Amino acid sequence: MKNSRAFELDALRGLALLMMILHHFIFDLRYLLDLDVFAFQETWWFENLLRPVFLNVFLLISGICCTFSRSNTRRGLRLLLVACGFTAATVIASRISGIDLYIFFNVLHLLALGTLLYAAVTWPERHASPSEANETRKAGLDVLLLLLAALLLWLAALLPHWAAAGSYWLLPLGLPPAQMVTMGDYLPVIPWLGFFIIGALIGRRVYGTRQSAFPGAPGWLMQVSRPFEWFGRHSLWVYALHQPVLLAVLYALRGFGLI
């Protein structure tokens, strides 16, 4: 998305990212600093209604952005590198601090896997000759992606029945071991990768020309969305760095006796 950007995608992804950062902020205050605040995080409506909305928006937009990428393989590998570095950093921080901050598989790992999967599935389409790259082939690939997304969403209903088979190897799928360290964040493939794939489908059908779906958006809307667009454009680095910055600030405030 370097030369042609859809402002609405950047803005929505930026908004969803800011909501996730806010969630992490109140999580840190309640569970890491043991402050008796923001108890609503433990309510059913927050965990099952509010949080999934912003998470799904982020995943859908990330899937749509596959349409804009010049090389999803390169982008996916970069995401994977950052995700692995993130895991290594949380393991080291957990061992040093004695606080369980482990992150073995979260949204960064999920985005890396989804992007690389999309690159692999669309490889024949990208390397087909112009005469072969027809609408029928594109529709067939869309059906394949739709079936894959449906399978992931359907498998989510079966996960509770397979819980006893959980292990560290199956943790990315949504089957962690019964006895394991506490994780600071966790987002498994099932069902969440399904929403990423649905986003990729939307991108293929709505953003096939790699242009905004709202080219005539009024000026006031562009002005309002601009701050969110910045976060959306830099979402990878903002997401990767926000938690260390938050923790550093919060523990510094605690060190000065302010919280």
Side-chain angles (χ1 to χ4, degrees), residues 1-18 20 54-83 107-108 110-149 192-240:
M1 296 179 68
K2 292 182 178 179
N3 298 322
S4 176
R5 306 193 68 91
F7 81 93
E8 67 274 16
L9 299 182
D10 283 335
L12 284 173
R13 182 161 58 177
L15 175 61
L17 177 61
L18 287 172
M20 283 195 284
F54 291 104
L55 189 54
N56 284 335
V57 169
F58 188 79
L59 292 174
L60 287 170
I61 298 302
S62 297
I64 291 173
C65 289
C66 287
T67 304
F68 290 78
S69 178
R70 293 179 178 178
S71 174
N72 282 299
T73 301
R74 185 166 59 249
R75 190 163 68 102
L77 290 174
R78 184 172 70 246
L79 278 166
L80 183 60
L81 181 63
V82 174
V107 66
L108 290 178
L110 185 71
L111 293 181
L113 179 62
T115 304
L116 290 172
L117 176 64
Y118 182 81
V121 170
T122 58
W123 188 91
E125 181 183 62
R126 297 195 312 274
H127 292 83
S129 64
S131 60
E132 295 175 324
N134 53 34
E135 190 64 25
T136 302
R137 179 184 290 270
K138 181 179 180 181
L141 183 55
D142 287 350
V143 171
L144 175 61
L145 290 171
L146 182 61
L147 290 175
L148 182 56
W192 299 103
L193 185 60
F195 297 103
F196 178 91
I197 295 173
I198 292 172
L201 275 168
I202 295 173
R204 290 169 61 82
R205 287 298 168 180
V206 179
Y207 292 94
T209 59
R210 300 184 180 184
Q211 299 293 329
S212 171
F214 305 96
W220 66 266
L221 180 59
M222 302 293 290
Q223 290 292 331
V224 170
S225 69
R226 190 158 292 131
F228 300 105
E229 290 178 54
W230 186 90
F231 283 96
R233 286 196 301 269
H234 303 90
S235 59
L236 173 59
W237 298 113
V238 172
Y239 187 89

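Every heavy atom of this structure was used, including side-chain atoms; hydrogens, water molecules and symmetry mates were not. Throughout, residue positions are numbered sequentially from 1 according to the sequence presented. Since this is a predicted model, take the numbers as computed values, not measurements.
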Without hydrogens or angle criteria, can the side chains of E8 and S212 be said to hold a donor-acceptor pair below 3.5 Å?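 Yes, because at least one side-chain N or O of E8 sits under 3.5 Å from a partner of the opposite role on S212.
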Residues in ring-ring contact (aromatic ring centres under 6.0 Å, His included) with Y118, at least two apart?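 Partners of Y118 under the ring-ring contact (aromatic ring centres under 6.0 Å, His included) test: none.
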Check ring-ring contact (aromatic ring centres under 6.0 Å, His included) between Y207 and all other residues, then give those that pass, not counting sequence neighbours.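 So Y207 forms a ring-ring contact (aromatic ring centres under 6.0 Å, His included) with F68.
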Just so I know, are the side chains of [X] and [Y] near enough to count as touching, which here means a heavy-atom distance under 4.5 Å?
X    : Y    : result
V107 : L59  : yes
R75  : C66  : yes
L110 : F196 : no

Could I get the full list of side-chain contact (heavy atoms from CB on, under 4.5 Å) partners for [X], not counting sequence neighbours?
X    : answer
L201 : D142, L145, L146
T73  : S71, L77, A119, R126
W220 : P218, V224
L236 : R78, L79, V82, L108

Can you sort out the partners of W230 under side chain to side chain donor-acceptor pair (under 3.5 Å), two or more places apart, ordered by chain and number?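 If we apply the side chain to side chain donor-acceptor pair (under 3.5 Å) test to W230, skipping adjacent residues, there are no hits.
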Gap separating the CG atom of L117 from the OG1 atom of T122, nearest 0.5 angstrom: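 The distance works out to 9.0 Å.
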Which salt bridge (Lys or Arg N to Asp or Glu O under 4.0 Å) pairs, counting each pair once, include a residue from residues 212-229, with sequence neighbours left out?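 Qualifying pairs, neighbours excluded: E229-R233.
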Expected output: side-chain R204 to main-chain T67 donor-acceptor under 3.5 Å: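 No, R204 side chain to T67 backbone: no donor-acceptor pair under 3.5 Å.
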